[in-house]
Number of protein chains: 2
Amino acid sequence: MTTDAFLADCRARLAFDLLSNTWNAVVLWALREGPYRHGELRERIGGISSKVLTETLRRLEFNGLVDRQAHPGAPPRVAYELTPLGRTLLVPIDTIGAWAFAHGDEVMAAQERASGLQ
Amino acid sequence: MTTDAFLADCRARLAFDLLSNTWNAVVLWALREGPYRHGELRERIGGISSKVLTETLRRLEFNGLVDRQAHPGAPPRVAYELTPLGRTLLVPIDTIGAWAFAHGDEVMAAQERASGLQ
DNA sequence: CAGCATCCCGGCAGATACTG
DNA sequence: CAGTATCTGCCGGGATGCTG
């Protein structure tokens, strides 16, 4: 098992905290096909406010997962791109997504069962 | 790509929400080696309060990931065990942990770099 | 266009004390 | 032993409005 010293190890927490935010994984995933600008990202994602998108990008940048390129001038042009490190995180994200597609209905069924019998 | 319709799909969110809680994944992981009782789990995990452990177990049970067996009598004996569904979720959890072990130091280095230059 | 400044709210999680 | 009952603080995230 690769992660046997899991419980006490803070390093594992690191990855979970990265994926624990509502939007981190979504933005990372949306960026997988190349640089996008702020507005493009908002469109592609849908349902995220401008403020929250900026916060998320700042967080990802802080953790070395996203690279921010500001081309100066007016109007402002800012592009965001995955770093190589950020790109490696797409693997776990995809694994989670795959699990959801395989077992999502089982979870929902369990939820309804549990709700039903109070 | 298995999860191309990721952004709009609520099913993917399901899995992320499951792993977004601070303790869900930890408790799931702690349960991977068979049934444990409330007190045993607390010991094995460390740093979790009784109340929060109960809440977490209730949540996991609600989602069909954990099975709760109460053997009546005094003193009370309650054991928790992974369901087959819960066991499948160990795979993504392990993937995340493996990523953390492989790239955790890169993230920490990036954080220090970002903190350093203000 | 990109993004800060505010205000606000709900829910996770910790600490503490109590019960069958 | 395995919980429940409170009280509390914190932070993510939404809404709105303003700026260079």
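In what follows, chains are A, B, ... by sequence order, proteins preceding strands, each numbered from 1.
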Item to complete: With heavy atoms under 4.0 Å as the rule, sort Arg42(A) into base, sugar-phosphate or nothing.
Response: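 Answer is nothing: Arg42(A) stays at 4.0 Å or more from every strand.
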
Item to complete: Check every strand shown and say whether Ser49(B) touches a base, only sugar-phosphate, or nothing at a heavy-atom separation below 4.0 Å.
Response: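 Nothing, no heavy atom under 4.0 Å.
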
Output the rounded distance in Å from [atom1] ([X]) to [atom2] ([N]).
X: Asn21(A); N: dC12(C); atom1: CG; atom2: P; answer: 15 Å
X: Asp17(B); N: dC12(C); atom1: CG; atom2: C1'; answer: 13 Å
X: Arg77(A); N: dA2(C); atom1: CZ; atom2: P; answer: 8 Å
X: Leu41(B); N: dC1(D); atom1: CG; atom2: P; answer: 14 Å
X: Ile45(B); N: dG14(C); atom1: CD1; atom2: P; answer: 11 Å
X: Asn24(B); N: dC12(C); atom1: CG; atom2: P; answer: 10 Å
X: Phe62(A); N: dG12(D); atom1: CZ; atom2: P; answer: 13 Å
X: Ile48(B); N: dA2(D); atom1: CD1; atom2: P; answer: 14 Å

Write down the atom of [X], the atom of [Y], and the distance for their closest heavy-atom approach.
X: Trp99(B); Y: Ala15(A); result: CE3-CB, 3.8 Å
X: Phe16(A); Y: Leu19(B); result: CD2-O, 4.3 Å
X: Leu18(A); Y: Asn24(A); result: O-ND2, 2.9 Å
X: His103(B); Y: Glu106(B); result: ND1-OE2, 2.8 Å

Fill in: Under 3.5 Å side-chain donor-acceptor pair for Asp67(B) and Gln69(B)
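Checked: Asp67(B)/Gln69(B) side chains pair up, N/O donor to acceptor below 3.5 Å.
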
Worksheet item: Do we see a donor-acceptor contact under 3.5 Å between the side chains of Tyr36(B) and Arg44(B)?
Response: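 Judged by distance alone, the side chains do pair up.
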
Worksheet item: Does Tyr80(B) have a side-chain nitrogen or oxygen under 4.0 Å from the phosphate oxygens OP1 or OP2 of dG3(D)?
Response: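 Yes, Tyr80(B) has a side-chain N/O under 4.0 Å of OP1/OP2 on dG3(D).
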
Worksheet entry | dA2(D) phosphate, OP1 or OP2, under 4.0 Å from Arg37(B) side-chain N/O |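 Affirmative; the distance criterion is met.
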
Fill in: Near-strand residues of residues 52-59 of chain A, defined as heavy-atom separation under 4.0 angstrom from DNA chain D
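Going residue by residue through residues 52-59 of chain A, the ones with a heavy atom under 4.0 Å of DNA chain D turn out to be Val52(A), Arg59(A).
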
Fill in: Minimum-distance nucleotide to Lys51(B) side chain [options: dC1(D), dG14(C), dA2(C)]
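Per side-chain heavy atoms of Lys51(B), the pick is dG14(C).
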
Worksheet item: What is the distance from atom CG of Leu31(A) to atom CG of Leu41(A), rounded to the nearest 0.5 Å?
Response: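 Rounded to the nearest 0.5 Å, the CG-CG separation comes out at 5.0 Å.
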
Worksheet item: Is any NZ, NE, NH1 or NH2 atom of the basic residue among Arg59(A) and Glu55(A) found under 4.0 Å from an Asp or Glu carboxylate oxygen of the other?
Response: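 Here Arg59(A) does not pair with Glu55(A) in a salt bridge, since their nearest N and O are not under 4.0 Å apart.
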
Worksheet item: Of Gly47(B) and His38(A), whose nearest nucleotide on DNA chain C comes first from the 5' end?
Response: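 Residue closer to the 5' terminus by nearest nucleotide: His38(A).
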
Worksheet item: Hey, is the main chain of Arg32(A) close enough, under 3.5 Å, to the side chain of Arg87(A) for a donor-acceptor pair?
Response: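 Here the side-chain-to-backbone pair exists.
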
Could you list the protein-to-nucleotides 18-20 of chain C atom pairs, N/O on both sides, closer than 3.5 Å?
none

